[in-house]
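Note that the coordinates shown come from a computational prediction; the quantities given were computed from them, not determined experimentally. Just so you know, residue 1 is the first one in the sequence shown, and it goes up from there.
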Amino acid sequence: MLDTVTRAPSQIRLLFPGLITATLVGVTAQFLSEHYGAPAMLMALLLGLALNFLSEDGSRTAPGIAFTARTVLRLGVALLGVRISVEMLGALGPGLIALTVAGVGATILCGLALARLTGRDWRFGLLTGGSVAICGASAAMAISAILPRHEKSERDLVFTVLAVTVLSTVAMVVYPMISNALGFTAIESGVFLGGTIHDVAQVVGAGFSVGQEAGETATLVKLIRVSMLAPVVLIASLAIRAKGLAATEGARPPLLPGFVLGFVALAALNSMGLIPAELAEAAALLSRWALLISIAAVGIKTSLAKMLEVGPVAIGLLVVETLFIGSFVLTGLHLLD
């Protein structure tokens with residue numbers, strides 16, 4: 001016990017330079033986002049990539065950068081649970097809920113199938129398919145945390161986060177025009193936007209650009225997709241354990257990682273009305289900052305030269321997955337009409 005207490009200050013001193021560096025990058029990214037309109041996640045990634053030398057072995061910042069990219073990331077994902085409640089589900093009705101859930105599952109399967117067809121690793125298919133299907137950068141980071149590690153893990157994660165953020169920003173501009181051209185009602189527009197755009201921030205921006213009702217519906221549908229994060233991670237963990245894939249490729253993954261248990265627990269508490277609104281807002285804000293700072297750290301850990309090695313096939317794979325979920329939701333809306 002005494003040994004643990006005496007080690008704590010030295011651990012803090014070891015981690016502080018890297019942690020404060022990632023925090024400063026995140027704050028800078030947020031400033032650029034607020035003043036120039038660029039997505040904060042994208043800015044954090046790009047700034048981080050430019051500072052890759054700070055993660056080199058032997059640098060004072062390397063331990064803190066590694067800690068932030070892993071532990072702070074998991075904290076941010078766990079705190080996403082405060083935005084989820086059972087009450088959300090009743091507001092849409094069974095048909096639209098089923099469409100949203102089916103879109104998530106179908107897109108993940110599409111990602112795995114495309115990875116197989118293009119000769120990519122199954123982990124890349126699950127990572128990209130899950131990020132497109134659920135909640136973009138946040139899902140990519142959560143899924144990456146339970147995948148067996150390999151030498152290209154960091155590169156694949158940064159590429160996926162960068163690509164889904166760019167595609168989500170493009171969708172935020174283009175998809176409202178598509179919904180208007182198709183003559184969608186406010187509810188239909190909200191379901192389309194919330195069911196297809198990757199990141200929560202871009203869903204909110206696209207939804208409320210159409211109207212108040214469309215924005216509220218889009219946010220609700222998006223949060224239903226976010227709530228799929230825990231079951232998807234659980235199923236992926238079970239599949240990895242069942243197939244013994246982790247035995248030769250890294251540490252055996254837990255059945256359900258601690259950060260996902262935290263996500264589920266917070267969602268359950270929020271559903272029971274045990275989390276005050278002010279506390280839920282504070283936790284959601286902390287989650288957003290934790291994810292922003294951690295993605296800055298992930299960017300710092302990643303070599304841009306190595307990331308560019310993914311090639312055009314990987315870019316095409318993510319674009320096809322994005323088009324797939326868009327087509328799936330549009331078809332579902334037509335059938336439910």
Once ring-ring contact (aromatic ring centres under 6.0 Å, His included) is applied, what residue pairs with a partner in residues 17-41 remain, sequence neighbours excluded?
Phe31-His35
Separation of Thr28 OG1 from Leu292 CG (nearest 0.5 Å):
10.0 Å
Please tell me if the side chains of Thr331 and His334 come closer than 4.5 Å, counting only heavy atoms from C-beta onward.
no
For residues Leu266 and Met141: do they belong to one hydrophobic cluster (side chain heavy atoms under 4.5 Å, members Ile, Leu, Val, Met, Phe, Trp, Tyr)?
no
Candidate pair Leu96 and Val221, rule side-chain contact (heavy atoms from CB on, under 4.5 Å), full reasoning
CA-CA 9 Å; Leu96 292 178; Val221 171; over 6 Å; no
Inter-residue atom distance Ile300.CD1 - Glu56.CD, 0.5 Å rounding
12.0 Å
Without swapping roles, check the side chain of Lys222 against the backbone of Ile134 for a donor-acceptor pair under 3.5 Å.
yes
Beyond-backbone contact of Thr107 with Arg225, side-chain heavy atoms, under 4.5 angstrom
no
Just say parallel, tilted or perpendicular for the rings of Phe184 and Phe192, cut-offs at 30° and 60°.
perpendicular
Any side-chain heavy atom of Leu317 within less than 4.5 Å of one from Arg120?
yes
For Ile108 and Ala133, work out which heavy atoms get closest and say how close.
CG1-CB, 3.9 Å
Just wondering, are more than 12 heavy atoms of other shown residues or ligands nearer than 6.0 Å to CZ in Phe208?
yes
For a 4.5 angstrom cut-off between non-hydrogen side-chain atoms, does Trp122 reach Ile240?
yes
Show the nearest heavy-atom pair for residues Leu336 and Gly95, with the distance to one decimal.
CD1-O, 3.8 Å
Contact between Leu32 and Leu47 at the side-chain level, heavy atoms closer than 4.5 Å - yes or no?
yes
Side-chain heavy-atom pair Leu182, Leu330 within 4.5 angstrom cut-off:
yes
Are Val203 and Leu229 joined in one hydrophobic group, where the rule is that I, L, V, M, F, W and Y side chains link up if heavy atoms are under 4.5 Å apart?
yes
Determine, stepwise, if the pair Ser144 / Leu127 fulfils side-chain contact (heavy atoms from CB on, under 4.5 Å).
CA-CA 7 Å; Ser144 175; Leu127 181 65; 4.0 Å; yes
Same apolar cluster: Phe53 and Val158, side chain cutoff 4.5 Å:
yes
Min side-chain heavy-atom separation His198-Glu321 under 4.5 Å:
no
With no hydrogens and no angle check, is any side-chain donor or acceptor of Ser287 less than 3.5 Å from a backbone partner on Gly76?
yes
Looking at CE of Met228 and OG1 of Thr100, how far apart are the two atoms once the value is rounded to the nearest 0.5 Å?
9.5 Å
Measure the spacing between CG of Leu14 and CZ of Arg60 and express it to the nearest 0.5 Å.
10.0 Å
Tell me if a side-chain donor or acceptor on Thr217 pairs with a main-chain N or O of Ala214 at a distance below 3.5 Å.
no
Before giving the answer on side-chain contact (heavy atoms from CB on, under 4.5 Å), spell out for Phe263 and Val226 the whole-Å C-alpha distance, their side-chain angles and the decisive distance to 0.1 Å.
CA-CA 10 Å; Phe263 177 98; Val226 173; 4.3 Å; yes
Which heavy-atom pair separates Ala297 from Ala22 by the least distance, and what is that distance?
CB-CB, 4.0 Å
side-chain contact (heavy atoms from CB on, under 4.5 Å) between Leu99 and Phe328, intermediate numbers included:
CA-CA 9 Å; Leu99 173 61; Phe328 188 95; 3.9 Å; yes
Cluster question for you: counting only ILVMFWY and a side-chain heavy-atom cut-off of under 4.5 Å, with indirect links fine, are Val170 and Val329 together?
yes
Could you state the interatomic distance from CG (Asp156) to OG (Ser153), rounded to the nearest 0.5 Å?
7.0 Å
Which atom of Ala62 lies closest to which atom of Ser55, heavy atoms considered
CB-O, 3.9 Å
Can you see which heavy atom on Leu15 is nearest to which on Pro63, and at what distance?
CD2-O, 3.6 Å
Any side-chain heavy-atom pair of Phe124 and Leu147 under 4.5 Å
no
How many angstroms lie between OG1 in Thr68 and CG in Leu19, if you round to the nearest 0.5 Å?
4.5 Å
Going hydrophobic residue to hydrophobic residue with side-chain gaps under 4.5 angstrom, can you get from Phe67 over to Leu54?
no
